[in-house]
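We name chains A, B, ... by the order of the sequence lines, and we start the count at 1 in each one. Worth saying up front: this structure is predicted, and the values here are computed from it rather than measured.
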Amino acid sequence: MTTNPPPSPDDEPLSSPDEALALIREQQRTVTERQIGGVPWILSAWAVSWGVGFLALWSGYDGGNPWFRVPLPVGGAIFGVLVIGAIVVSAVLGVRMNRGLRGPSNFAGAVYGISWSAVSLAAFMIGIALLQNGMSSSLASLYFPAVYALVAGALYLMGAALWRSVDQLVLGSVIIVAGTVAPFFGAPTNNLVMAVLGGGSFLIAAIVMRLSLRRR
Amino acid sequence: MTDLDPVIHAAARLRISATLASLDEGDRITFPRLQELLDMTAGNLSTHLRKLEDAEYVTVTKAHQGRTPVTYVSLTRRGRRAFEDYTDALRALLGGEK
């Protein structure tokens with residue numbers, strides 16, 4: 001007989017299969033929470049930036065918000081700051097959630113992350129080119145929100161395909177619809193459509209995801 | 001209860017196995033991140049990882065990120081199968097008791 005020290009509490013065999021299953025479930029829940037728990041916050045940041053930001057723009061343009069007005073530069077600044085804030089939140093939380101993991105999933109994650117910046121930049125530069133070639137500022141106010149909605153929607157569809165996520169599929173589809181439909185309302189009403197449909201769908205996605213995380 | 005794999009059937013090693021099993025197949029995790037996910041001390045985690053390594057259920061590899069040494073942990077195929085067999089056995093036991 002060897003003289004081993006008495007087993008520590010977590011070395012002893014578990015008392016029942018129930019306890020073992022509960023431990024498994026609890027631990028896997030923790031892992032899921034840490035790996036994707038930041039996503040509802042990212043979605044909320046975008047809900048606020050699109051909801052409040054587009055409302056601010058809508059309140060700055062002539063013919064927009066009939067209830068209250070905001071000087072256009074202020075509206076534009078609010079929109080800009082909120083979007084930059086949402087980008088920062090997305091980047092920081094995205095990096096944090098994937099800390100310490102190496103493997104095949106890195107490539108997919110990296111492509112996905114870089115695509116956001118690259119495609120958004122491309123859309124922006126096309127807009128600049130159009131402006132330089134005679135696009136009016138009122139047309140620009142239709143172009144930029146619509147194309148960003150298309151970029152965001154398509155990237156969410158990419159995410160849905162990569163990670164087999166129905167939530168992202170729905171979110172991406174609604175955002176593409178918002179971006180497509182909004183310009184038909186003309187300036188400045190397109191901003192209201194983006195605020196409500198775009199901002200609203202981010203908010204719903206954030207809530208749905210938070211609830212599904214809690215339910216696991 | 002005697003046909004449950006004794007390597008896995010202990011609270012700490014079960015939690016470690018469950019954590020590693022829930023990573024994407026082929027992914028490895030660094031030791032500090034694994035420690036954070038388990039809320040264990042480094043020494044405790046090392047001890048249990050060694051037992052899992054002895055059973056060939058996990059691979060512990062040391063690499064370098066620039067000049068910093070990094071330790072990666074992942075479940076082996078055998079370890080993944082052992083964990084799946086273990087959870088099947090648990091469910092069978094619970095199903096049988098109903």
Side-chain angles (χ1 to χ4, degrees), chain A residues 2 4-39 92-113 159-165 212-213 215-216, chain B residues 1-41 43-45 47-48 51 61 63 65 70-75 83-84 86-97:
Chain A
T2 53
N4 284 319
S8 62
D10 59 15
D11 215 0
E12 284 170 3
L14 297 156
S15 57
S16 70
D18 281 302
E19 186 191 346
L21 268 182
L23 218 58
I24 293 174
R25 203 165 291 143
E26 186 193 318
Q27 188 56 29
Q28 292 188 326
R29 203 173 160 202
T30 300
V31 173
T32 304
E33 167 73 37
R34 301 282 173 89
Q35 280 203 283
I36 60 176
V39 177
V92 167
L93 288 181
V95 167
R96 277 196 57 174
M97 290 190 292
N98 286 305
R99 237 178 21 230
L101 292 171
R102 287 288 177 283
S105 69
N106 280 148
F107 180 76
V111 170
Y112 181 76
L162 276 174
W163 292 295
R164 286 187 291 278
S165 162
S212 84
L213 276 174
R215 218 190 308 129
R216 271 174 212 250
Chain B
M1 294 286 282
T2 48
D3 29 24
L4 288 171
D5 187 341
V7 175
I8 299 183
H9 192 57
R13 292 193 294 275
L14 176 56
R15 293 178 65 228
I16 295 171
S17 305
T19 304
L20 292 175
S22 59
L23 300 179
D24 287 344
E25 187 122 21
D27 272 2
R28 305 176 295 167
I29 187 170
T30 59
F31 185 93
R33 186 90 208 267
L34 181 59
Q35 197 189 330
E36 182 206 315
L37 287 174
L38 291 162
D39 197 20
M40 277 181 176
T41 65
N44 205 9
L45 179 56
T47 309
H48 289 290
K51 290 202 183 119
T61 36
Q65 229 177 311
V70 183
T71 305
Y72 290 107
V73 183
S74 62
L75 212 56
F83 181 71
E84 283 166 13
Y86 178 83
T87 47
D88 285 344
L90 280 182
R91 289 202 192 95
L93 277 171
L94 286 172
E97 275 167 17

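Residue L38(B) touches chain A through both its backbone and its side chain, counting heavy-atom pairs closer than 4.5 Å. Using a 4.5 Å cut-off between heavy atoms, T87(B) contacts chain A through its side chain alone, with no backbone atom that close. Heavy atoms of Q65(B) lying under 4.5 Å from chain A belong exclusively to its side chain. Heavy atoms closer than 4.5 Å to chain A are found nowhere in F31(B), neither backbone nor side chain. Of the two parts of L90(B), the backbone and the side chain both hold a non-hydrogen atom closer than 4.5 Å to a non-hydrogen atom of chain A.
Interatomic distance, CD of Q28(A) versus CG of L37(B), reported as 12.0 Å (0.5 Å rounding). With rounding to the nearest 0.5 angstrom, the CG atom of D27(B) is 10.0 Å from the CZ atom of R102(A). Note that CG of D39(B) is 9.0 Å distant from CD of Q27(A), once rounded to the nearest 0.5 Å.
In this structure, R34(A) contributes its side chain and E36(B) its backbone to a donor-acceptor pair below 3.5 Å. E26(A) contributes no side-chain N or O that, together with a main-chain N or O of R15(B), makes up a donor-acceptor pair within less than 3.5 Å.
What you find for A18(B) and I24(A) is that their closest heavy atoms are CB-CG2, 4.1 Å. Considering every non-hydrogen atom in both D24(B) and S105(A), the closest pair reads OD2-CB, 3.6 Å. Closest approach of L21(A) to R91(B), counting heavy atoms only: CD1-CG, 4.4 Å. Nearest approach of G26(B) to P104(A), heavy atoms of both residues: O-CD, 3.3 Å.
For R99(A), the CZ atom counts as densely surrounded, since its 6.0 Å shell holds more than 12 non-hydrogen atoms of other residues, nucleotides or ligands.
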